[in-house]
Asks: 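Once you've had a glance at the structure underneath, I'll fire off some questions.
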Amino acid sequence: MDKVYNHSEYEEKIYKKWESSGAFSPIVNKKKKPFTIIMPPPNANDPLHIGHARFVAIEDILARYHRMQGEPTLWLPGTDHAGIETQYVFEKKLREKGKSRFDYDRDTLYKMIWDYVQQNSDTSISQMKRLGASADWSRLKFTLDPDIVKVIYGTFKKLYDEGLIYRGERIVNYCTRCGTSFSELEVNHVERDDELYYLDYGTLTIATTRPEPIFADVAVAVHPKDKRYKHLIGKKAIIPIINREIPIITDAVVDPSYGAGAVKVSPGHDKVDFEIAQRHKLPILKAIDVDGRMINVPEKYAGLYVNQAREAVVADLTETGLIKKTEKIHHTIGVCYRDKSVIEPMVSKQWFLEVKPLTKAALAAVKTRRVRITSQKFEKIAVHWLKNLKDWNISRQIVWGIRIPAWRCEKCLNWEITSGLEPLECTKCGHTKLTQDKDTFDTWFSSGQWPFATLQTTKKGDFDYFYPTSVMNTAYDILPFWVIKMVMLGLYATGEVPFKEILFHGLVRDREGQKISKSKGNVINPIKMAEKYGADALRMGIVWGALVDNDISLSEDNIRGQRNFANKLWNIARFVLSNETKIRNSKHEIRTRPRVTNLDDKWILAELKKSQKKITKLLDKYRLNEAAEELYNFIWKKFADSYLEKTKSRREDAQAVLEYVLYCSLVIAHPFMPFVTEAIYQETGKDGLLINAPWIN
RNA sequence: GGACGUGUAGCUCAGUCGGUUAGAGCACUGCGUUUACAUCGCAGGUGUCGGGGGUUCGAGUCCCUCCACGUCCACCA
């Protein structure tokens, strides 16, 4: 054995040994309770960042621990097509070449993105392997695998047949640059300074920050109790420039104390206005098209972009004296979470999922602990979401995704929903020309079905045996996007919860507690860290010091310290095993607990037992940080600094105990530091692999 | 505006049911070590547990209040 543990010499070889031994694939045994984790699939085209390393560390510790406990353990890996995310990245690449998605037809674009993702899809997988992930790669799934898509279609059809899918003209968050609508959750709100314009509407003055869509106004609204306007209710106001009359109505959302206490209602281009229009059954007019240009407006504005139109309208209103005054205001506006451009609320035909029946069931499951959220604070957040979730717009105007299996009859405009196959004829009128909707599903609609979609399409019997899965572990920031959707759709499609427990983990921040982002330049590349200090050190560094629930500040110092710990363990082994020739020829079995009379021997064996029990208990409670600390403390302080030093004067006598304690240390350390422990185990000359060793309870 | 958190050593964080002298790692200081490891050992000690009030025999822990900070959500045009 070398003087220092050189991880780069061992890690790759050891991983190959594990993989080829089949240790990652569970052996189904109906008599035993399985342990199952479905991996949150990373984006297929992205390299791993430090956040991925956190879930790899956590889930691999759990998988290895339960595997050693003798449970048939399946950690099922996958990758995600990540619709908007990936298309956005790809379009950025196109832009670098001076191209855009409009230069290609749908099928070509899809194929190009497919190829691009294929090129990169091995990266994240090999990087997870680099970190020691003991996932069953023979069951790897991709969210666009045809059999997965079939499951998604089946669920959509069931939802449609049971009346939970509807197509409605609804106001959606539309990014004119991305050319797609976004869910509420994908819109960011940023603060901005703007002008508030007071416009003369003939009978009264209204205040608005957006003068350009006044052409699509259908009413002016005031608060029902506002005395200033009481005499005007039911009368008419006049839209400037075009001089069209619109009714003056009342609605409680209007804040009498803000602005003029009177607002224009443009339901085609404002969320609040849309809701007012719904309540008052007002028509919906459009003044802005999906490309962000003006339509249905006086000729001089037609075709202008929104901000150009605003300038022009303001100039004209100023000239005619119809702007009573302007005020500076500070407010928040919605921007696209991808490219930061201003979100244009727009009326558009979209597919919606009525969520109430699903959230109701999910809420009951959470409250009765059929699905147990291991942290109280996240349970509260999940409950809050389930109570307040609005109907879910599941269609996206992008090509990179699962195309919605909806065909419209060209004759009678009836929609035919199938479970994937193109319908031959319209079931209503018999017409044979039908065209498929261009939209694709929101990525979360398909990934929300991931736990059962994967298990229904891997090996025969997998679903029956492994579902519901044991625990779902993922970062808390996707609780509303993904986790509650999995509970909702899992319950709906299978009648069972998708997982019995949810273990949320926190985000990884840098040592100053800053969120890690490329623009801040504080990214910690997990692979670089693993290359420098070893995967074991990185894993320990990640679980060390903070609860799984909480955000962690990861520093290189921390990882270096754990590298030292790995080396410590290595050198303990070097000390214990170095006497092999002299002492270790008595056919002693290192896995057997020796009988002892010496007080030091008794002490270390008792401490070992205590630590084993404690670590087992802590792992069962997902208190990985405390388990890691206990491990560190036992091996370094008790075993090395204390016991091992004392044996130096009585080596032969203590050898059996040293070997046994070393072996047990390898076992309890293995989930955390799989490589160095396996490397040492191989040095003992014993058969087999440590990964398959039984846990010592 | 709403929800959920956080505040403990210089730094990053634990502290479970309210119970002994509040802990760990890193950093720091001193001493030591050729033979398992300098990726080492031994020793050292730093705390108004954010402030204030309350409950209690007893509070870092429970309650109230204030302050500071964070995250998510949101409909003030």
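This structure is a prediction, so every number in the text was calculated from the model and none was measured. A, B, ... follow the sequence lines: proteins, then strands. Residue 1 opens every chain.
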Asks: Between B:G41 and B:U46, how far apart are the two P atoms, rounded to whole Å?
Replies: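 So the two P atoms sit 23 Å from each other.
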
Asks: Using whole Å, report how far CG of A:N564 lies from P of B:C26.
Replies: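 It works out to 8 Å between those atoms.
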
Asks: Contact class for A:A640 vs. all strands (heavy atom < 4.0 Å): base, sugar-phosphate, or nothing?
Replies: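 Counting heavy atoms under 4.0 Å across all strands, the contact made by A:A640 includes a base.
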
Asks: Salt bridge (Lys or Arg N to Asp or Glu O under 4.0 Å) with A:E379: which of A:K367, A:R372, A:R369?
Replies: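 Output: one option passes, namely A:R369.
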
Asks: What is the separation between atom CG on A:L196 and atom C1' on B:A77, rounded to the nearest whole Å?
Replies: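 Rounded to the whole Å, the gap is 7 Å.
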
Asks: As a test of reading the structure: which of B:C4, B:A77, B:C37 is closest to the side chain of A:K380, going by heavy atoms?
Replies: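 So the nucleotide nearest the side chain must be B:C4.
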
Asks: Compare the minimum distances between each of B:A36, B:U12, B:U16 and the side chain of A:R623, then state the nucleotide with the smallest one.
Replies: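 Nearest to the side chain of A:R623 among the choices is B:U16.
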
Asks: What is the base-pairing partner of B:C37, counting Watson-Crick and G-U wobble geometry with both distances under 3.5 Å?
Replies: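 Because no pair has both required distances under 3.5 Å, B:C37 counts as unpaired.
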
Asks: Please state the C1' separation for the pair B:G30 and B:G19 - nearest whole angstrom.
Replies: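 Each nucleotide's C1' atom is 37 Å from the other's.
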
Asks: Have a look at A:K377 and say if it touches a base, only the backbone sugar-phosphate, or nothing, with a 4.0 Å heavy-atom cut-off.
Replies: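 A:K377: backbone/sugar contact only, no base atoms under 4.0 Å.
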
Asks: Which value, in whole Å, describes the distance between the C1' atoms of nucleotides B:C49 and B:U6?
Replies: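 One C1' to the other, the span is 14 Å.
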
Asks: Rounded to the Å, how far apart are A:L554 CG and B:C26 C1'?
Replies: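 Spelled out: CG on A:L554 to C1' on B:C26 is 13 Å.
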
Asks: Where the side chain of A:W385 is defined as all heavy atoms beyond and including C-beta, which of B:A36, B:C73, B:A14 is the nearest nucleotide?
Replies: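 For the A:W385 side chain, the nearest candidate turns out to be B:C73.
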
Asks: Measure from the side chain of A:R563, starting at C-beta and using heavy atoms only, and say which of B:U71, B:C40, B:U39 lies closest.
Replies: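 Closest of the options to the side chain of A:R563: B:U39.
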
Asks: Take atom P in B:A59 and the same atom in B:A22, then report the distance between them in whole Å.
Replies: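 B:A59 and B:A22 have their P atoms separated by 13 Å.
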
Asks: Hey, what do you get for OG1 (A:T205) to CD1 (A:I323), rounding to the nearest 0.5 Å?
Replies: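 That separation rounds to 12.0 Å.
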
Asks: Picking from B:C75, B:A77, B:G41, which would you name as closest to the side chain of A:V254?
Replies: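 The answer is B:A77.
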
Asks: Partner lookup for B:G30, please. Criteria are Watson-Crick or G-U wobble with both distances under 3.5 angstrom; report none if nothing qualifies.
Replies: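 When the pairing criteria are applied, B:C42 turns out to be the nucleotide that pairs with B:G30.
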
Asks: One pair to check against side chain to side chain donor-acceptor pair (under 3.5 Å): A:E556 and A:Y533. What are the steps and the verdict?
Replies: CA-CA 9 Å; A:E556 198 169 332; A:Y533 298 109; 2.7 Å; yes

Asks: For B:A14, what is the paired nucleotide under Watson-Crick or G-U wobble rules, both distances under 3.5 Å?
Replies: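 B:A14 is unpaired by these criteria.
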
Asks: In the structure shown, which nucleotide is the Watson-Crick or G-U wobble counterpart of B:C69, with both distances under 3.5 Å?
Replies: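 Per the H-bond distance test, B:G5.
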
Asks: For B:U55, which nucleotide is its Watson-Crick or G-U wobble mate, given both distances must be under 3.5 Å?
Replies: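 The base-pairing partner of B:U55, which may sit in any strand shown, does not exist here.
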
Asks: Does A:L644 reach a base, just sugar-phosphate, or nothing at all? Heavy atoms under 4.0 Å.
Replies: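 Counting heavy atoms under 4.0 Å across all strands, the contact made by A:L644 includes a base.
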
Asks: Under 4.0 Å, heavy atoms only, any strand: does A:N633 hit a base, just the sugar-phosphate, or nothing?
Replies: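 No contact.
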
Asks: Between the side-chain atoms of A:K568 and the base atoms of B:C37, is any donor-acceptor pair under 3.5 Å?
Replies: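 Yes, a donor-acceptor pair under 3.5 Å.
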
Asks: Send over the distance from A:N571 CG to B:C40 C1', rounded to a whole Å.
Replies: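 Result: 9 Å.
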
Asks: With sugar-phosphate meaning primed atoms plus P, OP1 and OP2, does A:Y632 contact a base, only sugar-phosphate, or nothing at under 4.0 Å between heavy atoms?
Replies: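 Counting heavy atoms under 4.0 Å across all strands, the contact made by A:Y632 is with sugar-phosphate only.
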
Asks: Counting side-chain heavy atoms from C-beta on, which of B:A14, B:G5, B:U39 comes nearest to A:V4?
Replies: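 For the A:V4 side chain, the nearest candidate turns out to be B:U39.
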
Asks: Do A:D601 and A:Y643 have a side chain donor and acceptor closer than 3.5 Å?
Replies: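 Side-chain D/A pair, A:D601 to A:Y643: present.
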
Asks: Determine the contact category for A:I572: base if any of its heavy atoms lies under 4.0 Å from a base atom, sugar-phosphate if only primed atoms, P, OP1 or OP2 are that close, otherwise nothing.
Replies: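 Here A:I572 touches the bases of the nucleic acid.
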
Asks: Considering every strand and a 4.0 Å limit on heavy-atom distances, what is the contact class for A:D641: base, sugar-phosphate, or nothing?
Replies: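 Sugar-phosphate contact only.
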
Asks: What's the base orientation of B:C57: syn (chi within 90° of 0) or anti?
Replies: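 Base orientation: anti.
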
Asks: Roughly, in whole Å, what's the span from CD1 in A:I333 to P in B:C76?
Replies: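 The answer, rounded to whole Å, is 12 Å.
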
Asks: Name the nucleic acid region contacted by A:N558, choosing base, sugar-phosphate or nothing; use a 4.0 angstrom heavy-atom cut-off, strictly under.
Replies: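 Nothing, no nucleic acid heavy atom in range.
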
Asks: Out of B:A36, B:C40, B:U16, which has the shortest distance to the side chain of A:K648?
Replies: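 Among the listed nucleotides, the one closest to the side chain of A:K648 is B:A36.
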
Asks: Looking for any heavy atom pair under 4.0 Å, which part of the strands does A:K621 touch: base, sugar-phosphate only, or nothing?
Replies: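 Touches a base.
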
Asks: Given side chain to side chain donor-acceptor pair (under 3.5 Å), test A:D620 with A:Y65 step by step and report yes or no.
Replies: CA-CA 9 Å; A:D620 287 338; A:Y65 165 62; 2.9 Å; yes

Asks: Roughly how far apart, to the nearest Å, are B:U16 and B:A74 at atom P?
Replies: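 It works out to 35 Å between them.
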
Asks: Remember a base hit wins even if backbone is also touched, and classify A:W544 as base, sugar-phosphate or nothing at under 4.0 Å, heavy atoms.
Replies: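 Answer is sugar-phosphate: A:W544 comes under 4.0 Å of backbone atoms only.
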
Asks: Under a 3.5 Å cutoff, is there a donor and acceptor pairing between the side chains of A:Y201 and A:D217?
Replies: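 Distance-only check passes for A:Y201 and A:D217.
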
Asks: Mind checking who B:U20 pairs with, Watson-Crick or G-U wobble, both distances under 3.5 Å?
Replies: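 For B:U20, the partner nucleotide comes out as none, under the 3.5 Å rule.
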
Asks: Mind checking the CG-CZ spacing from A:L624 to A:R539? Nearest 0.5 Å is all I need.
Replies: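 Reported to 0.5 Å precision, the distance equals 11.0 Å.
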
Asks: Find the distance between CG (A:L658) and CG (A:D653) and round it off to the nearest 0.5 Å.
Replies: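 Output value for this atom pair is 10.0 Å.
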
Asks: Could you check how far NZ of A:K637 sits from C1' of B:G41, rounded to whole Å?
Replies: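 Distance check: A:K637 NZ to B:G41 C1' gives 9 Å.
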
Asks: Looking at the rings of A:Y632 and A:F565, which for Trp means the six-membered one, are their centres under 6.0 Å apart?
Replies: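 Yes: the rings meet the under 6.0 Å criterion.
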
Asks: Any carboxylate oxygen within less than 4.0 angstrom of a Lys/Arg side-chain nitrogen, looking at A:K528 and A:E531?
Replies: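 Here A:K528 does not pair with A:E531 in a salt bridge, since their nearest N and O are not under 4.0 Å apart.
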
Asks: Atom CZ of A:F565 to atom P of B:C37: distance rounded to whole Å?
Replies: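 Going from A:F565 (CZ) to B:C37 (P), I get 18 Å.
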
Asks: Using whole Å, what does the distance between atom P of nucleotide B:C37 and atom CG of A:L662 come to?
Replies: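 The distance from CG of A:L662 to P of B:C37 comes to 16 Å, rounded to the nearest Å.
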
Asks: Which of the following nucleotides, B:A36, B:C40, B:A77, is nearest to the side chain of A:F575?
Replies: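 Output: B:A36.
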
Asks: Side chain of A:A207 only, heavy atoms from C-beta on: which candidate in B:U39, B:C75, B:A77 is closest?
Replies: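 My answer, after comparing the listed nucleotides, is B:A77.
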
Asks: Checking contacts here: which listed nucleotide (B:U71, B:A3, B:A36) is nearest the side-chain heavy atoms of A:H384?
Replies: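 So the nucleotide nearest the side chain must be B:A3.
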
Asks: Which residue, A:S642 or A:I381, contacts RNA chain B at a nucleotide closer to its 5' end, judged by nearest heavy atom?
Replies: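 Whichever sits nearer the 5' end wins; that is A:I381.
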
Asks: Applying a 4.0 Å non-hydrogen cut-off, can you work out what A:E629 is touching in the nucleic acid: base, sugar-phosphate, or nothing?
Replies: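 A:E629: backbone/sugar contact only, no base atoms under 4.0 Å.
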
Asks: Any donor-acceptor pair under 3.5 Å joining the side chain of A:E645 to the base of B:A36?
Replies: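 Yes, a donor-acceptor pair under 3.5 Å.
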
Asks: Using the P atom in both, what is the distance from B:C62 to B:C69, to the nearest Å?
Replies: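 These two P atoms come out 24 Å apart once rounded.
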
Asks: Say you pick atom P in B:C63 and the same atom in B:G47; how far apart are they, in whole Å?
Replies: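 That atom pair is separated by 28 Å.
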
Asks: Here's a test of your reading of the structure: between A:Y5 and A:R279, which maps to the more 5' nucleotide of RNA chain B?
Replies: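 Nearer the 5' end of the strand: A:Y5.
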
Asks: With rounding to whole Å, what would you report as the distance between B:C67 and B:G10 at their C1' atoms?
Replies: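 Pairwise C1' distance, B:C67 against B:G10, rounds to 23 Å.
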
